[in-house]
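To start, the structure under review is shown below, and the notes come after it.
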There are 2 protein chains.
Amino acid sequence: MPTSKDVAQAAGVAQSTVSYVLSGKRPISEKTRKKVEAAIEQLTYQPNAGARALASRKTRVIGLVIPFIPELEMGSIMEFVSVIASTARQFDHDILLVTDDEGAAGLRRVVGQQICDGLILMQVEDEDERLPVARSLHVPVVLIGIPRDPSGLVCIDADFEMAGEHCVRDLAAAGHSVISVIDWQPAVMDRHVNYVDRFLHGTDVAAKALGVTVLHLPGGTDRATISESVDKALASTTGNPAFIVPDRTIQDILRRDLSGRGLTLGLDVSVIGSASPTLAELQPIPLSTIDLRPAEVSRRAVKIMCQLLESDSQGPHESLELVPTVITHRSSTLRPQ
Amino acid sequence: MPTSKDVAQAAGVAQSTVSYVLSGKRPISEKTRKKVEAAIEQLTYQPNAGARALASRKTRVIGLVIPFIPELEMGSIMEFVSVIASTARQFDHDILLVTDDEGAAGLRRVVGQQICDGLILMQVEDEDERLPVARSLHVPVVLIGIPRDPSGLVCIDADFEMAGEHCVRDLAAAGHSVISVIDWQPAVMDRHVNYVDRFLHGTDVAAKALGVTVLHLPGGTDRATISESVDKALASTTGNPAFIVPDRTIQDILRRDLSGRGLTLGLDVSVIGSASPTLAELQPIPLSTIDLRPAEVSRRAVKIMCQLLESDSQGPHESLELVPTVITHRSSTLRPQ
DNA sequence: TTGAAAGCGTTACCAC
DNA sequence: GTGGTAACGCTTTCAA
């Protein structure tokens, strides 16, 4: 492997000049720049990351802490991971995976060994054991998700409250006066990710503002629970029922239950579910969908991280950003009762 | 951040001794080891990865090249990623993400800059533009998937041929003499991932051996295609039809189509589909499932990589490993016609 | 069994 | 605008 020394020799300049050509940290005459660039090209020189990290104290690597296999919704996790990795490249950074089964110790390790310059934490819960560590680490940390106490932390997430509001507003506008919200499945409720509360709160806010009734019904991945919830929903409505189903893993079961009752989505029943647009496309379910825009959240998380790294301010930062969600309508879905 | 020099000083030994205590590359007296370990503990020393990489020419990082967002089956990709990352940690390595949108240049970059010691490529296609690069790189490369020409490459994958055979054998044993295999959706067929061919070939082999008929019918993510395929299947069978549906994204559509025709899975129809056991659990579809064991494939891929790194033999290696698949039966699914 | 010192390939400061 | 050189923090060879 050629080194910058080789390049310097080939170009007939000092090693430091090669470094400055690459970094642009000091003016270089057109002539020598050309010479150096030619030598780099010709030797196919690439700077050694380890040496660079050692000398500059910057690895240009961001640690991404991925959730510990909750089996649920791996697909949407991958959506985050994938976009985060691509975006990081756009900012000339790489992503190192930190699996959550290492726990808080993993965070200390990658930062302590100076493998990466900063951390992005996914799936942050209300009370997260990683947070005290995150605060004490002397590197920038960006959270995807909002803990109960976000003080001293940089957080970003989809605006779940707004999403909840929008869903209710849409169904109300379609003429529904009673709207059933199916909760996330127990496994998710138990994890105390507070986006659940934020979403549900959004539905209540809108309901109060519009004078409609919102029913909160239990969610689950078994037919029995859903069936029971649908019973309740039907019992409480005189007209056509309307459902809001934020948990993707429930949507399919609900659909089966409804069609088992001879109810046609979009005709007899209005449903809004969360989904990425591509997923909705792939499985043409007649739902209006709340797009929580994981890609946008991911992009911004990386952007924020890179800004923090740029301005390498040591002290702790604090900020909270909510990414607006989007409702995509599907024709003939929201039918007035 | 404390350095090994600090540790040496605190322990009253030479810096090299600290290094040897950590690496175990030479015998250390119990006494000095204790002293050094105490100092490490007390200073919470962690070796600097960059410096270590520079001096040892080993980063202890493995690059993982993830597929470029084909929107399909992100969930199963994440299953690989997650297990790969955990397993790598068990071998004291970390995973760096390399997104496939960087293409072959990305491989050259991470290897050229010596950010990682080896590469694992996921979703290897029949003719893969990354392969020539992979062969020319002077680091170990492990492929998940088997290209048309695996010469000079280390490959690992699920044994799709065996999976195909098993599916047919199972249905034949249940009394079916005509078995319909629904192809993967066109998007997958077009990508020329040869596991499709291997699987289909397996079904043919078993069919021939057992004297049963295998029908290959087009797959797709739209109802029309599936409906047509089901028509053909029904037309060709006098008894109860049997289906093999390796593509997960098709299973749900098929199920809807069948129940639309008043056919009950497990009673009127036998179906075998591929799925991870957990997924099957989550969505209780009455299918027997082929478990392609992505976790096992991932674990072995990492293990092979770490062995290659251990024995850091420069020359190109070549090997091909097929991981046996497993069929999980669900009661009352495979009903004799 | 241990220590001293020479690199490893950059960056960045200090001269010129 | 450019060159020389001292770090950066570790590994490893050579001596003792």
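In this text, all values refer to a predicted model and were calculated from it rather than measured experimentally. In the text below, chain A, chain B and the rest are named by the order of the sequence lines, each starting its count at 1.
The shortest distance between the side-chain N/O atoms of Thr32(A) and the OP1/OP2 oxygens of dT2(D) is below 4.0 Å. Put simply, Lys25(B) has a side-chain N or O that comes within less than 4.0 Å of OP1 or OP2 on dT12(D).
The nearest whole Å value for the distance from the CG atom in Asp6(A) to the P atom in dC8(C) is 11 Å. Atom-to-atom, NZ of Lys34(A) to P of dT2(D) comes out at 14 Å; the value is rounded to the nearest Å. Between Arg33(B) atom CZ and dT2(C) atom C1' the separation is 14 Å, expressed in whole Å. One can place CD of Gln15(A) at 10 Å from P of dG9(C), the figure rounded to the nearest angstrom. For the pair Ile28(B) CD1 and dG3(C) P, the computed distance is 9 Å after rounding to whole Å. Atom CD1 of Ile40(A) is separated from atom P of dT10(C) by 10 Å (rounded to the nearest Å). Note: CG (Asn48(B)) to P (dT10(C)) measures 16 Å, nearest angstrom.
Looking at residues two or more places apart in sequence or on another chain, you find a side chain to side chain contact (heavy atoms under 4.5 Å, CB included) between Ala53(B) and Thr59(B). Applying the side chain to side chain contact (heavy atoms under 4.5 Å, CB included) rule to Ala55(A) yields no partners; only residues at least two apart in sequence or on another chain are considered. Asp159(B) is linked by a salt bridge (charged side-chain N to carboxylate O under 4.0 Å, His left out) to nothing, counting only residues two or more places apart in sequence or in another chain. Considering only residues two or more places apart in sequence or on other chains, Ala38(B) meets the side chain to side chain contact (heavy atoms under 4.5 Å, CB included) condition with none of them. Checked against salt bridge (charged side-chain N to carboxylate O under 4.0 Å, His left out), Arg299(B) has the following partners two or more places apart in sequence or in another chain: Glu296(B). Residues passing the salt bridge (charged side-chain N to carboxylate O under 4.0 Å, His left out) test with Glu321(B), sequence neighbours excluded: Arg300(B). Qualifying side chain to side chain contact (heavy atoms under 4.5 Å, CB included) partners for Asp94(B), counting only residues two or more places apart in sequence or in other chains: Leu96(A), Arg109(A), Ile115(A), Val61(B), Arg89(B).
Using a 4.0 Å heavy-atom distance criterion, Gln113(B) is classed as making no nucleic acid contact. Using a 4.0 Å heavy-atom cutoff across all strands shown, Ser23(A) reaches no nucleic acid atom at all. Residue contacts shown for Val18(B) are absent, as no nucleic acid heavy atom lies under 4.0 Å away. Base engagement by Ser19(B) is indicated by at least one non-hydrogen atom pair under 4.0 Å involving a base atom.
For the segment residues 51-60 of chain A, residues with any heavy atom less than 4.0 angstrom from an atom of DNA chain D are, sorted by number, Leu54(A), Ala55(A), Arg57(A).
Closest-nucleotide positions on DNA chain C for Lys5(A) and Pro27(B) were compared, and the one nearer the 5' end corresponds to Pro27(B).
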Extract all donor-acceptor atom pairs below 3.5 Å that involve side chains of residues 2-13 of chain B and protein atoms in other chains or at least two apart in sequence.
residue, atom, partner, partner atom, Å
Thr3(B), OG1, Lys5(B), N, 3.2
Thr3(B), OG1, Asp6(B), N, 3.4
Ser4(B), OG, Gln15(B), NE2, 2.9
Asp6(B), OD2, Thr3(B), N, 2.8

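For the 3.5 Å distance criterion, the side chains of Arg52(B) and Gln113(A) fail to qualify, holding no donor opposite an acceptor.
Judged as a salt bridge (Lys or Arg N to Asp or Glu O under 4.0 Å), the pairs with a partner in residues 136-148 of chain B (not counting sequence neighbours) are, in order, Asp126(B)-Arg148(B), Glu127(B)-Arg148(B).
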Pairs under 3.5 angstrom, nitrogen or oxygen only, protein versus nucleotides 13-16 of chain C, please.
residue, atom, partner, partner atom, Å
dC13(C), N4, Tyr20(A), OH, 2.7

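Nearest heavy-atom pair, Arg60(B) versus Asp92(B), reported as atom, atom and distance to 0.1 Å: NE-O, 3.1 Å.
Counting heavy-atom neighbours within 6.0 Å of Lys25(B) NZ, excluding the residue itself, gives a total of 12 or less.
Axis orientation changes by 40° from one end of the helix from dT1(C)-dA16(D) to dC16(C)-dG1(D) to the other, with each end axis drawn from 5 pairs and the value rounded to 10°.
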